[in-house]
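Okay, so here's the structure we're looking at.
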Amino acid sequence: MEDQEMQLKVKRVTDKFSESMYVLANEPSIALYRLQEHVRRSLPELVQHKTDMQSWEEQSQGAIYTVEYACSAVKSMTNSSLYFKNIDGLLRQAISLKERISSSQGRSAVQPAINPNDTPTHTSVTPS
């Protein structure tokens, strides 16, 4: 009979001990301690992620600005096609005038026009 009583007492003590451990493990102050422990461990990693994200945001903002600037440059280039057409026309006119001047100078050097009624304005030397 003493064995059964002893077993009963041991069972009660172990049950009370288990219950006490359960209460202690789930006490609010213990929960807050564990929460603080978790925050202390994970906070440096979260801060690193935040700084990485800020750096990536700055880089992407710079890239966005570059792309927008390039787009506006391309748009302004398409708007300037009118000016390039004007320049092309003026260059063609200048080349045409230069060719006319060159051909008229070439003719005057090769065949001087002598009209007996005209008075000479300059003396030309012709090889004999």
Side-chain angles (χ1 to χ4, degrees):
M1 183 151 189
E2 257 183 55
D3 263 348
Q4 284 184 348
E5 282 181 39
M6 186 64 116
Q7 283 182 353
L8 187 59
K9 287 181 183 180
V10 167
K11 173 119 171 86
R12 274 191 228 149
V13 167
T14 56
D15 285 346
K16 288 287 185 182
F17 184 73
S18 294
E19 185 181 336
S20 297
M21 291 302 290
Y22 180 79
V23 168
L24 280 175
N26 292 316
E27 185 183 0
S29 63
I30 296 291
L32 291 175
Y33 171 76
R34 293 191 191 276
L35 185 62
Q36 177 192 12
E37 211 174 38
H38 171 73
V39 167
R40 186 174 42 88
R41 270 192 243 129
S42 63
L43 190 64
E45 186 178 341
L46 289 174
V47 168
Q48 183 61 43
H49 284 303
K50 180 182 177 183
T51 56
D52 289 346
M53 292 299 288
Q54 286 173 335
S55 171
W56 292 338
E57 180 186 15
E58 289 173 8
Q59 289 176 356
S60 49
Q61 287 296 330
I64 289 169
Y65 174 77
T66 302
V67 168
E68 287 174 349
Y69 184 75
C71 286
S72 68
V74 168
K75 285 178 185 175
S76 67
M77 288 174 72
T78 58
N79 294 339
S80 65
S81 66
L82 176 67
Y83 300 110
F84 284 119
K85 287 178 183 176
N86 265 348
I87 291 170
D88 181 50
L90 291 172
L91 285 173
R92 289 182 191 274
Q93 284 179 358
I95 291 170
S96 172
L97 287 173
K98 194 237 181 237
E99 288 173 352
R100 282 189 208 160
I101 292 171
S102 294
S103 67
S104 68
Q105 284 179 350
R107 274 191 249 137
S108 66
V110 174
Q111 297 176 352
I114 300 175
N115 190 350
N117 297 333
D118 288 341
T119 57
T121 57
H122 70 280
T123 59
S124 62
V125 178
T126 57
S128 42

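In what follows, residues are counted from 1 in the order of the sequence shown.
Panel note: side chain S55, backbone T51; no donor-acceptor pair is recorded below 3.5 Å. No donor-acceptor distance shorter than 3.5 angstrom exists from the side chain of S102 to the backbone of E99, with no hydrogens or angles considered.
A side-chain donor-acceptor contact under 3.5 Å links Y33 and E37. Side-chain contact of Q48 with D52: a donor-acceptor pair under 3.5 Å is present, judged by distance alone.
In this structure, CE in M53 is found 8.5 Å from OG in S60, a value given to the nearest 0.5 Å. With rounding to the nearest 0.5 angstrom, the CD atom of Q36 is 11.0 Å from the CZ atom of R41. Distance check, rounded to the nearest 0.5 Å: CG of L91 to CD of Q93 gives 9.5 Å. Separation of atoms CZ (F84) and CE (M77) is listed at 6.5 Å; rounding is to 0.5 Å. Taken to the nearest 0.5 Å, the OG atom of S81 stands 10.0 Å off from the CG atom of N86. Taking OG1 from T14 and CD from Q7, the interatomic distance works out to 11.0 Å, rounded to the nearest 0.5 Å.
Around CD of E45, the count of heavy atoms belonging to other residues, nucleotides or ligands within 6.0 Å does not exceed 12.
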